[in-house]
Amino acid sequence: MPVPYIVPFYKNTAQLEKCKAALAAQTEPAEPWVWDNNVNNVYYTKAQNLGLRWALKNGHEFAMVGTQDCYLKPEATATLIQFMRDHPRCAIAGPKQLLASNEDVIVHAGGTVAYPAGSHHGGLVSRGEGAVSRKMPWVNGAVMFARLEAIVEIGLMDENMLMLGSDSDWCFTARARNWEVWYCAEAVCLHEVGVSNRGGSPELMKIFQADMGYFRDKWIGSALYARLSTEFVYMDSAARQK
């Protein structure tokens with residue numbers, strides 16, 4: 001059964017076609033599940049949940065939640081499936097994301113600080129950085145590979161965040177319920193890197209601010225968040241020292 005790649009499509013048809021072509025080239029079957037936000041814009045999180053509900057209803061073991069500007073390398077799906085087999089407590093895994101315009105640049109090798117803005121491990125492939133898979137506080141929602149058995153237990157993504165923060169929130173929720181979140185160095189995708197909370201239209205900025213305000217109220221200051229955040233302090237310190 002092909003692994004569904006759930007993608008909220010918005011405006012850029014060329015990106016969607018490249019995303020679909022990458023899925024068609026996978027050595028392990030993968031297929032797009034597309035929600036057209038041009039027709040009914042429910043934004044990122046709800047669109048992903050619609051696809052996840054479909055995957056659960058249809059008996060899939062795994063599903064990918066992703067964006068239209070990410071293009072999986074041909075072995076990525078097979079690598080992530082095997083990674084899940086080798087790590088049975090991993091609920092969510094994130095591949096290595098390389099900059100599409102320069103594949104030496106790592107734009108995401110796992111998330112570090114989640115608030116007030118998401119921070120990411122990065123580096124250069126040529127320097128041997130990002131070469132080791134490891135547990136992470138969270139991984140980026142540009143591409144996340146989810147074990148649906150775990151999602152039944154931890155729940156879907158929190159739709160109170162329309163676009164931003166629902167990825168890290170999902171990962172923290174998984175870890176709070178004794179599942180693991182991993183960065184998988186062996187699986188690779190190319191990422192064109194779209195809008196962020198550092199730029200965009202006034203409408204997007206308003207959404208981003210509301211999303212992170214909700215994340216703050218939900219997590220920041222709690223003993224649980226403090227525990228989940230400090231579990232990987234040693235990792236963040238090592239990354240800054242490089």
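Please read these numbers as outputs of a predicted model, since none were measured by experiment.
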Worksheet item: Under the side-chain hydrogen bond (donor to acceptor under 3.5 Å, both in side chains) criterion, do Tyr214 and Asp158 qualify, and how do the steps go?
Response: CA-CA 10 Å; Tyr214 178 85; Asp158 189 335; 2.9 Å; yes
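- Looking at heavy atoms from C-beta onward, Val193 lies out of side-chain contact with Asp69 at the 4.5 angstrom threshold.
- A heavy-atom distance below 4.5 Å is found between the side chains of Trp33 and Leu50.
- With hydrophobic clusters built from ILVMFWY side chains whose heavy atoms lie under 4.5 angstrom apart, Leu190 does not share a cluster with Leu72.
- Under the 3.5 Å distance criterion, the side-chain polar atoms of Arg134 are left unmatched by any main-chain donor or acceptor of Tyr183.
- Between Met144 and Met157, some side-chain heavy-atom pair lies under the 4.5 Å cut-off.
- In terms of heavy-atom proximity, Ala78 sits nearest to Thr27 at CB-OG1, 3.7 Å.
- Placement of Met161 and Ile207 within a single hydrophobic cluster is found when ILVMFWY residues are connected by side-chain heavy-atom separations under 4.5 Å, directly or transitively.
- Remark: side-chain polar atoms of Asp167 are not paired, donor with acceptor, to backbone N or O of Asn140 under 3.5 angstrom.
- Between Trp35 and Phe9, the gap from one ring centroid to the other reaches at least 6.0 Å.
- A 4.5 Å side-chain heavy-atom check between Leu156 and Arg53 finds at least one atom pair inside the cut-off.
- Residues Val139 and Val181 are in side-chain contact: their nearest non-hydrogen atoms beyond the backbone lie under 4.5 Å apart.
- For the atom pair CG (Leu148) and CG (Leu52), the distance works out to 6.5 Å, reported to the nearest 0.5 Å.
- The backbone N or O of Leu124 lies less than 3.5 Å from no partner atom in the side chain of Asp104, so there is not a single donor-acceptor pair.
- Phe83 and Trp182 have their aromatic ring centers within a separation under 6.0 angstrom.
- By the 4.5 Å heavy-atom criterion applied to side chains, Phe145 and Val3 are counted as neighbours.
- Listed for the Tyr10 side chain is no donor-acceptor partner under 3.5 Å among the backbone atoms of Tyr44.
- Looking at Asn58, its side chain does come within 3.5 Å of a backbone N or O of Trp54 through a donor-acceptor pair.
- Here the closest heavy-atom approach between residue Met212 and residue Pro116 is recorded as CE-O, 3.8 Å.
- Taking a cutoff of 4.0 Å between a charged side-chain nitrogen and a carboxylate oxygen, Lys73 and Glu75 do not qualify as a salt bridge.
- No path of Ile, Leu, Val, Met, Phe, Trp and Tyr side chains, each step under 4.5 Å between heavy atoms, connects Val42 with Val34, placing them in separate hydrophobic clusters.
- There is no path of hydrophobic side-chain contacts, each under 4.5 Å, that joins Val143 to Ile92.
- Two rings, from Trp138 and His120, have their centers less than 6.0 Å apart.
- To the nearest 0.5 Å, atom CD of residue Gln97 and atom NE2 of residue His191 are 6.0 Å apart.
- One finds the CD atom of Gln82 at 11.0 Å from the CG atom of Leu80 (value rounded to the nearest 0.5 Å).
- A distance-only check finds a donor-acceptor pair linking the side chain of Tyr5 to the backbone of Thr67 [under 3.5 Å].
- By the 4.5 Å heavy-atom criterion applied to side chains, Pro95 and Val188 are not counted as neighbours.
- If you take CG on Leu224 and OG on Ser229, they are separated by 9.0 Å, rounding to the nearest 0.5 Å.
- Between the side chain of Trp219 and the backbone N or O of Phe172 there is no donor-acceptor pair closer than 3.5 Å.
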Item to complete: Tell me, with the steps shown, if Tyr225 and Lys218 meet side chain to side chain contact (heavy atoms under 4.5 Å, CB included).
Response: CA-CA 9 Å; Tyr225 184 77; Lys218 181 175 181 177; over 6 Å; no
Practice prompt. Evaluate side chain to side chain contact (heavy atoms under 4.5 Å, CB included) for Asp211 paired with Met163, printing each intermediate quantity in order.
Written response: CA-CA 7 Å; Asp211 285 350; Met163 294 181 66; 3.8 Å; yes
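- In summary, Glu61 and Arg85 engage in a salt bridge, as defined by a charged side-chain N under 4.0 Å from a carboxylate O.
- For the residue pair Ala30 and Met64, the shortest heavy atom distance occurs at CB-CE, 4.1 Å.
- Under the 4.5 Å side-chain heavy-atom criterion for Ile, Leu, Val, Met, Phe, Trp and Tyr, Val152 and Trp179 are members of the same hydrophobic cluster.
- Residues Asn38 and Lys11 approach most closely at OD1-N, 2.9 Å, considering heavy atoms.
- Looking at Asn37, its side chain never comes within 3.5 Å of a backbone N or O of Pro8 through a donor-acceptor pair.
- The distance from the OG atom of Ser222 to the CG atom of Asp217 is 11.5 Å, given to the nearest 0.5 Å.
- One finds the OH atom of Tyr43 at 15.5 Å from the CD atom of Gln48 (value rounded to the nearest 0.5 Å).
- Closest of all the heavy-atom pairs between Ala63 and Ala55 is CB-CB, 4.2 Å.
- By the 4.0 Å N-to-carboxylate-O rule, Glu192 lies close enough to Lys18 to be salt-bridged with it.
- Between Glu103 and Val125, the closest heavy-atom pair is O-CG2, 3.7 Å.
- Side-chain contact between His108 and Leu98: absent, with no pair of heavy atoms (C-beta onward) separated by less than 4.5 Å.
- A donor-acceptor contact shorter than 3.5 Å links the side chain of Gln26 to the backbone of Thr77.
- The existence of a salt bridge linking Glu180 and Lys135 is confirmed by a sub-4.0 Å separation between a basic side-chain nitrogen and an acidic carboxylate oxygen.
- Using modelled atom types and a 3.5 Å distance limit, the side chains of Glu159 and Thr45 yield no donor-acceptor pair.
- When the shell of 6.0 Å around CD of Glu31 is examined, it contains more than 12 heavy atoms from other residues, nucleotides or ligands.
- At least one donor-acceptor pair under 3.5 Å links the side chain of Arg147 to the backbone N or O of Cys90.
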